[in-house]
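Read through the structure below, which is laid out as structure tokens, and then see the notes.
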There are 4 protein chains.
Amino acid sequence: MQVTRDEQDGQRSPSATARRGQIIAAAVQVLAESGYGRATFERIRQRAGISSTRLISYHFGTRDELMEAVLIDIALEAQAAIARRTDGAPTATERLTARIEAELAWIARNPAAVRAMYEICMNARDEDGALRYGTQASAEANVAELAPILRAGQQSGEFREFDTTLMALTLKSAIDAAIVRMTQPPRLSVDDCVREITTLALLATRSTP
Amino acid sequence: MQVTRDEQDGQRSPSATARRGQIIAAAVQVLAESGYGRATFERIRQRAGISSTRLISYHFGTRDELMEAVLIDIALEAQAAIARRTDGAPTATERLTARIEAELAWIARNPAAVRAMYEICMNARDEDGALRYGTQASAEANVAELAPILRAGQQSGEFREFDTTLMALTLKSAIDAAIVRMTQPPRLSVDDCVREITTLALLATRSTP
Amino acid sequence: MQVTRDEQDGQRSPSATARRGQIIAAAVQVLAESGYGRATFERIRQRAGISSTRLISYHFGTRDELMEAVLIDIALEAQAAIARRTDGAPTATERLTARIEAELAWIARNPAAVRAMYEICMNARDEDGALRYGTQASAEANVAELAPILRAGQQSGEFREFDTTLMALTLKSAIDAAIVRMTQPPRLSVDDCVREITTLALLATRSTP
Amino acid sequence: MQVTRDEQDGQRSPSATARRGQIIAAAVQVLAESGYGRATFERIRQRAGISSTRLISYHFGTRDELMEAVLIDIALEAQAAIARRTDGAPTATERLTARIEAELAWIARNPAAVRAMYEICMNARDEDGALRYGTQASAEANVAELAPILRAGQQSGEFREFDTTLMALTLKSAIDAAIVRMTQPPRLSVDDCVREITTLALLATRSTP
DNA sequence: CATGAATGAGCGTTCATTCAT
DNA sequence: CATGAATGAACGCTCATTCAT
């Protein structure tokens, strides 16, 4: 699920976009607090402070489509926030550390969004009962983001030779582990996590002198 | 939720116990395959090959109670399997490694049960919408199991001085991480995981000479 | 529904009779407290302190039969209590006042039974939806009890000529009204009610000199 | 439960109001004929001639809410009918007699509604098993209606001094008794009842000359 | 006399969705 | 852009009852 801006997005009127945003925000809160199973149209309606659940199905169609919209919205926002912090870094090393830092910072600042994403990924299923958005999807997305940075570093000589896909997955795993360590006792601070993961990343990637 | 054998357990007739087992086994499969939200009485009925969902509510009462029964059943079985492998180890060091090994082995051999447990813990909620069985509960259970071993090792001089609760939590985290690494690509073998975690545990606990 | 001692009653073993009494007593309490709709086998089982609802259906068959048994039990007990107080009164006048007094006294002393009776009469229905025990039935029973006394008084010259059925119904109505006045504010004492109704009865029946 | 027009009532569309009325009317009939316990959504659906019970829960939510809506609807209709007949009476005496007359007339003309009300009041219970709408509530409502008339009569000198609450309760009791006499054999005509109760009321309240 | 196991029917409720404007 | 009305499908649960010993 490579996330790109929806085609229809440009065609939407400003008020429609606002309504969608309002509903998505409510859905995120409900998902984070009450879980996927209880994230019903009715609860989301209450949270959004709108009059009828019909408004939700009007703007998003089915429940599955709403959930996908939530997922995309969160992913795009995260991407944007991370890109804002990562752009402009001249070297691959700096871009890598900036990216890790930005990712962890975004996670720390948006626990509800993270939880909502998690709820959707672990529960949304298609008619056959198969998970719609497995961990696979999110892993692929991450590889797509990290691999280019890693390749650039290898070409510039900053990084040693390694399998970029495997390294991207490894770093993704480390970040996932950090999420747990930031959210569950004994808690680590964001800064500590950032320090740890960036150190790990640099040691793992730097070209041996 | 320290899991002990249910009081009513002894009072149950053999046939009732068998039926319950049959239904629990079916529930585990459905939970693992289809997730908590789709683990309905009807699906479980099909899996168990019984004629009516009424049989489920007859033996377990409500859905929540069924889920709790599943949870308890899995926990008891895991405890028993681990105890079987751990008992008789003379030293704390051996008991610790045996325990880690047994736990990981059980996990590797019972992926459906692990997944079912996970589904219940992440989705079962009470009327207020709060998670019924948080990670907290499972963490506490693990501490209760590990801490005595660690204390014994400290008294015998095998282990250095450290906070046993914190160490137990840390080892629990390592095992949780290992679950992920055993189940998600790039996959590690059980043996590799065992080796890694036991090494980590021994290094972390051994008394400095 | 002229209530007579059940034929099977003599055939029942002492322990069966005791069990039936225990269950009936529990049913009366549940009916009085929770109403007909909530007077389920399960609630009665709890009250009776027995292990299985099966014991109820074993002794009484269907729910309807249980309710009828409760009704009969109450009616017989009331009849007996009233008869104990009424027997031996030499004149019709005395028997009439004794009867009114005894009836009101029993009612005052057995509010739960009265309420249970009421619940059954107002709610028990047959398959067609018709009330099983209408007010009609209880009225007829009362007439059957009172009319002989009234007729005897007429023959002895104590009472004037009147339609005994109509008079019996009227006195029954007065007693029903007294129940309400004894149970709902502004409450009247049993003694006041007795005095009022007996006065009314004597004035209404006595032969004019 | 002082009955006032529901706030939402004005917000309801004409078609919704019509549907609600249709369903309430059907519910009244079913309640009167089959009793509270058998007044299921399915039976009401049949009576209302609608296609799905879902339409009932759509308009009323839960069964309890439907029953409350029925109760309120009946109470409001009775209030309105009585007010129509009572308004414009110049003296307290006339208003009192008009009110008694109107009340009995409404009761005589709406036996099904009376019965339905009765069924709900005697059977509807909350989760604790306590009656939702006791006789207390209806008594209070009646006092609230009658007391002002009585007070006005006292101030104008038409009525003697007495406790208005107690008198209101007494008149309410007399009316309740009249209901029984109108509906159960030996039946009295409405006119007879009206005559009797109004006479009683006037004698009981008039200021002694 | 008592019990355990099983069962079928029915009920209210919830949920997302569709048909109309 | 928004809303109201209606709907069908599924679910968990409760209840009394029956079939076996």
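Reminder, nothing fancy here: chain letters follow the sequence lines and each chain counts from 1.
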Whole angstrom is fine here: how far is it from [atom1] in [X] over to [atom2] in [N]?
X       : N      : atom1 : atom2 : result
D:Gln22 : F:dA6  : CD    : P     : 9 Å
B:Ile56 : F:dT14 : CD1   : C1'   : 16 Å
B:Glu65 : F:dG12 : CD    : P     : 14 Å
C:Ile50 : E:dT3  : CD1   : P     : 8 Å
A:Phe60 : E:dA16 : CZ    : P     : 14 Å
A:Asp64 : E:dT17 : CG    : P     : 7 Å
B:Ile23 : F:dG12 : CD1   : P     : 14 Å
B:Arg45 : E:dT7  : CZ    : P     : 11 Å

Legend entry - Under-4.0 Å side-chain N/O to phosphate OP1/OP2 contact, D:Ser15 with F:dA5: yes

Inset, instruction - Please determine if a side-chain N or O atom of B:Arg19 lies less than 4.0 Å away from the OP1 or OP2 oxygen of E:dG4. - result: no

Legend entry - Opposite nucleotide pairing with F:dT14, Watson-Crick or G-U, both atom distances under 3.5 Å: E:dA9

Inset, instruction - May I ask which nucleotide in the shown strands pairs with E:dA20, Watson-Crick or G-U wobble, both distances under 3.5 Å? - result: F:dT3

Inset, instruction - Between D:His59 and B:Glu42, name the one whose nearest nucleotide on DNA chain F is closer to the 5' end. - result: D:His59

Inset, instruction - On DNA chain F, check which nucleotide each of D:Arg54 and A:Ser52 is closest to and give me the residue with the more 5' one. - result: A:Ser52

Minimum-distance nucleotide to [X] side chain [options: [options]]:
X       : options                : result
B:Arg63 : E:dT17, F:dG12, E:dC15 : F:dG12
D:Phe41 : E:dG12, E:dC1, E:dT7   : E:dG12
D:Tyr58 : E:dC11, E:dC15, F:dT7  : F:dT7

Inset, instruction - Kindly compute the distance separating CZ (D:Arg45) from CD1 (D:Ile23), expressed to the nearest 0.5 Å. - result: 11.5 Å

Legend entry - C:Leu55 or D:Arg43, whichever maps to the more 5' nucleotide of DNA chain E: C:Leu55

When you measure from the side chain of [X] to the backbone N and O of [Y], does any donor-acceptor pair fall under 3.5 Å?
X        : Y        : answer
C:Asp73  : C:Leu76  : no
D:Glu65  : D:Thr62  : yes
D:Gln22  : D:Ala48  : yes
C:Arg132 : C:Cys121 : no

Inset, instruction - In whole angstrom, give me the gap between the C1' atoms of F:dA20 and E:dC1. - result: 16 Å

Legend entry - N/O donor-acceptor pair, side chain C:Arg38 with base F:dT14, under 3.5 angstrom: no

Inset, instruction - Kindly indicate whether a cation-pi arrangement holds for D:Arg63 with D:Tyr36, taking the cut-offs as under 6.0 Å to the six-membered ring centre and within 45° of the axis. - result: yes

Inset, instruction - Quick one: label C:Thr40 by what it contacts on the DNA or RNA (base, sugar-phosphate, nothing), any heavy atom closer than 4.0 Å. - result: sugar-phosphate

Legend entry - Sugar-phosphate, base or nothing in reach of B:Thr53, heavy atoms under 4.0 Å: nothing

